[in-house]
Protein chains: 2
Amino acid sequence: MVSLKDIAKQAGVSVCAVSLVLNGKYKNRVSDTTAQHIRETAASLHYEPNMLARTLKTNKSHTLGFVTDEIITTPSAVRIMLGAQEAARKLGYILISMNTNNDKSLERQEIATLKRYHADGFLYAFMYHRVVDVPSALRSMPTVVVDAEDANHDLPSIYPDEFGIGYDATNRLIKAGCRRIAYFGSESGIIAQPQRLAGYRKALHDAGMNDDPQLIVRATEHQNADERAVELLKVAAPDGVFCFNDVRASSIYAAANELGMRIGKDISIVSVDNLPNITDALRPGLTTIELPHYEMGFEAVCQLVAMIEQRDKPDIKPDQMFRSSFDTKDTFTTVHGSIIERDSVQHAPHGNE
Amino acid sequence: MVSLKDIAKQAGVSVCAVSLVLNGKYKNRVSDTTAQHIRETAASLHYEPNMLARTLKTNKSHTLGFVTDEIITTPSAVRIMLGAQEAARKLGYILISMNTNNDKSLERQEIATLKRYHADGFLYAFMYHRVVDVPSALRSMPTVVVDAEDANHDLPSIYPDEFGIGYDATNRLIKAGCRRIAYFGSESGIIAQPQRLAGYRKALHDAGMNDDPQLIVRATEHQNADERAVELLKVAAPDGVFCFNDVRASSIYAAANELGMRIGKDISIVSVDNLPNITDALRPGLTTIELPHYEMGFEAVCQLVAMIEQRDKPDIKPDQMFRSSFDTKDTFTTVHGSIIERDSVQHAPHGNE
DNA sequence: CTGAAAGCGCTTACAG
DNA sequence: CTGAAAGCGCTTACAG
């Protein structure tokens with residue numbers, strides 16, 4: 001590997017001059033001609049700076065630790081990592097990811113490793129939105145919580161705007177002319193459940209519609225969801241259903257088929273997730289709200305770097321279409337999802353067909 | 001951060017003694033009592049070694065670069081990364097992953113970054129099995145190709161045993177008593193297609209069955225697969241189908257339903273992938289062969305570390321059940337998949353019901 | 001405008 | 001058995 005010393009020798013100057021020039025700090029310190037000469041020599045030798053040596057001296061590694069629970073299980077959650085990677089690259093950082101597999105002792109070990117490698121800050125990320133206790137080893141470091149909320153309301157946390165998702169999804173159905181809109185939710189204690197439900201209620205209320213309790217049904221995936229879906233369609237006779245997620249939407253599809261209801265005609269459906277394997281399989285295409293995972297990872301790195309470098313949040317954007325919008329209040333940031341329009345919502349209001 | 005110097009001062013010995021003791025190289029160099037004293041002081045100060053300083057001196061970073069194309073798209077391919085992470089952790093390495101998004105210039109940039117951070121070696125990984133040209137920047141470094149084959153047959157490459165998968169899947173159907181076994185394959189140029197087909201043919205041949213060309217149909221997902229599946233079942237009237245993957249299996253399921261054939265009774269189905277969103281949705285449960293992604297990542301790191309440290313391949317195993325078996329010939333390694341039994345294959349041979 | 005020197009935290013011959 | 005010293009590749013006051 002070629003070092004500053006090699007360049008200095010070849011160019012006939014001191015190591016210090018080379019360092020100054022290559023870091024662009026040579027104003028009034030090195031003549032422009034010498035600087036140019038140094039730059040050319042460096043290029044001709046294919047010089048690459050040694051980040052480790054630099055870190056040793058400056059105490060800045062430009063390395064971010066990405067600690068996650070088991071991000072694998074939801075393919076879309078992997079996008080948090082990809083978004084974080086893109087932002088890191090654009091800001092001159094690298095990401096070191098570690099998977100804790102929900103093992104607290106492994107987590108401690110991994111955070112210690114990351115510190116040994118001198119990570120400047122941490123992303124603490126989760127597979128789905130929840131409230132988390134952040135390990136104390138992270139509290140002393142710049143840290144941003146992703147797809148989760150710090151239980152202490154202390155660290156910046158980025159997570160989806162679940163209320164907004166429920167509100168938007170329901171409104172989409174209202175806009176399509178639906179008059180009896182059901183909510184097909186989750187039976188688990190997941191944080192998104194009550195928030196999406198609240199958004200649903202607010203949308204109904206704003207439209208002057210009452211929320212008939214018959215229209216609200218909760219179910220568990222791969223267990224009672226198929227039967228509950230049939231019951232919901234039979235008993236409450238909705239003309240629109242906001243589904244907690246795509247998996248539950250597929251139960252509603254099955255129920256509608258069973259009862260001879262035409263999706264996108266007799267009944268409109270909007271859900272959340274946009275999981276390829278599911279949306280690929282459903283006919284007609286499922287209109288669904290994609291959670292902004294990529295954007296959350298990207299935004300989290302921007303906020304983290306701002307903390308580390310004690311500067312304003314960098315003004316960069318993902319190369320991918322930036323579909324979502326951000327709301328920032330205090331240190332918390334919620335991220336809107338974006339609706340993917342397909343054909344499960346009827347195109348014209350009732351009576352226009 | 002507490003350094004060797006702090007420990008030396010506190011313990012009243014030299015920095016060198018501390019380094020020796022903490023690295024376990026103090027035999028015949030430091031007395032046992034001093035060593036013990038040093039260890040206690042280090043522990044009481046919560047000393048953590050600074051990996052960067054160590055790297056600077058030893059030229060070994062214990063860091064592996066993980067360069068991948070767009071591993072996100074197949075959720076199961078993420079498991080390559082997780083397997084690699086586990087092996088790295090067990091061998092005292094960390095993984096730095098970079099996503100090239102199939103952009104060659106980005107790839108070059110990322111490899112350069114990884115070198116700047118002094119990666120000791122590289123994993124060059126792909127979303128699905130193919131033949132790849134390895135960038136020249138990687139050829140000068142210890143590198144292992146994962147879920148792909150080096151076009152030059154030069155670097156160690158780990159990939160699934162596609163022939164074995166085709167052979168095993170077909171044999172599973174033969175064992176179930178099927179007499180007319182179809183292959184529902186891929187129309188794309190994907191490398192796995194001819195190899196799985198060859199395995200299918202070999203299994204038929206070994207069982208003394210002829211391979212009727214009517215029984216071999218290729219289709220494209222989300223395009224003509226549904227119609228082709230119906231044609232296949234109608235025209236060739238198979239009693240067993242080996243499907244190239246789960247997505248194609250779902251087309252066969254749909255076709256069987258349409259034609260009133262009972263899966264697992266009138267017709268048996270085996271496929272490849274074990275994608276949760278698909279297998280969750282299909283009834284009866286789909287018997288399918290899971291590709292050994294986790295194991296490939298794990299194995300690749302083992303081989304890479306052996307290259308870097310110029311030693312025998314470390315004898316470690318994943319914590320997860322290690323379902324697959326490995327064949328090693330030359331520098332190439334193929335990995336068998338493992339069959340996940342569900343209910344799409346009839347339990348008893350024909351006539352036993 | 002330029003260079004000599006110290007030092008980041010570590011390891012490793014070398015001398016005693 | 002133990003310590004003083006050099007050096008990995010860099011940055012940054014400091015002196016000229």
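Because the structure is a prediction, the values reported are computed rather than measured. Proteins come first, then strands; the chains are lettered A, B, ... in the order of their sequence lines, and each starts at number 1.
The shortest distance between the side-chain N/O atoms of A/T58 and the OP1/OP2 oxygens of D/dC10 is not below 4.0 Å. Residue B/K25 places at least one side-chain N or O under 4.0 Å from the OP1 or OP2 atom of C/dT12. A sub-4.0 Å separation between OP1 or OP2 of C/dT11 and a side-chain N or O of B/R54 is present. Regarding contacts with the backbone of D/dG9, every side-chain N or O of A/S19 stays at 4.0 angstrom or more from both OP1 and OP2.
Sorted by first and then second residue, the salt bridge (charged side-chain N to carboxylate O under 4.0 Å, His left out) pairs involving residues 8-21 of chain A (not counting sequence neighbours) form an empty list. Counting only residues at least two apart or on different chains, the salt bridge (charged side-chain N to carboxylate O under 4.0 Å, His left out) pairs with a member in residues 93-108 of chain B are B/K104-B/E107. Contacts classified as side chain to side chain donor-acceptor pair (under 3.5 Å) and involving residues 131-143 of chain B (residues at least two apart or in different chains) are given here: B/R139-B/D150, B/R139-B/D154. Applying the side chain to side chain donor-acceptor pair (under 3.5 Å) test to residues at least two apart or on different chains, the pairs with a partner in residues 43-57 of chain A are A/E48-B/R116.
In this structure B/K60 satisfies the salt bridge (charged side-chain N to carboxylate O under 4.0 Å, His left out) test together with B/D120, sequence neighbours excluded. Partners of B/E40 according to the side chain to side chain donor-acceptor pair (under 3.5 Å) rule, which considers only residues two or more places apart in sequence or in another chain, are B/Q36. Under the rule for a side-chain contact (heavy atoms from CB on, under 4.5 Å), the partners of A/S3 that lie at least two apart in sequence or sit in another chain are A/K5, A/D6. Scanning for side-chain contact (heavy atoms from CB on, under 4.5 Å) contacts around B/L20 gives B/C16, B/Y26, B/R29, with sequence neighbours left out. Take A/N102 and apply the side-chain contact (heavy atoms from CB on, under 4.5 Å) test, not counting sequence neighbours, and it matches A/D69, A/E70.
Distance, B/L22 CG to C/dT12 P: 14 Å, rounded to whole Å. Rounded to whole Å, atom P of D/dG9 lies 12 Å from atom CD1 of A/I7. The interatomic distance linking B/I38 (CD1) with D/dC1 (P) rounds to 13 Å, in whole Å. As a whole-Å value, the separation of A/R116 CZ from C/dG9 P is 16 Å. In this structure, the NE2 atom of A/H118 is 9 Å from the C1' atom of C/dC8, given to the nearest Å. Summarising the geometry, the separation between NZ on B/K60 and P on D/dG9 is reported as 16 Å, rounded to the nearest angstrom. In this entry the distance linking CZ of A/R29 with C1' of D/dT12 reads 8 Å, nearest Å. Nucleotide C/dT12 holds its P atom 12 Å from the CG atom of B/L4, rounded to whole Å.
Between B/F126 and B/Y124, the two ring planes are perpendicular [angle over 60°; tilted spans 30° to 60°].
Of the candidates D/dG3, C/dT2, C/dC10, C/dC10 carries the atom nearest the B/S3 side chain, counting heavy atoms from C-beta on. Residue A/A17 places its side chain closer to C/dG3 than to any other of C/dG3, D/dC10, D/dT2.
Looking at DNA chain D, the stems built from 3 or more consecutive Watson-Crick or G-U wobble pairs, each pair with its key distances under 3.5 Å, are C:1-3 with D:14-16, C:5-12 with D:5-12, C:14-16 with D:1-3.
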Dump every N/O contact between nucleotides 4-7 of chain C and the protein below 3.5 Å, one line per pair.
{"unit_1": "C/dG7", "atom_1": "N3", "unit_2": "A/K57", "atom_2": "NZ", "d": "3.3"}

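Residues from residues 42-53 of chain A with heavy atoms under 4.0 angstrom of DNA chain D, sorted by number: A/Y47, A/P49, A/N50, A/A53.
The residue among B/G12 and A/N23 whose nearest nucleotide of DNA chain D lies closer to the 5′ end is B/G12.
Note on B/T34: only backbone sugar-phosphate atoms sit closer than 4.0 angstrom, heavy atoms only; bases stay farther off. Heavy atoms of B/N59 sit nowhere under 4.0 angstrom from any nucleic acid atom.
Shortest non-hydrogen contact noted between B/L123 and B/A84 is CD2-CB, 3.9 Å.
In this structure, B/R130 forms a cation-pi arrangement with B/Y128, its terminal cationic atom sitting closer than 6.0 Å to the ring centre and no more than 45° off the ring axis.
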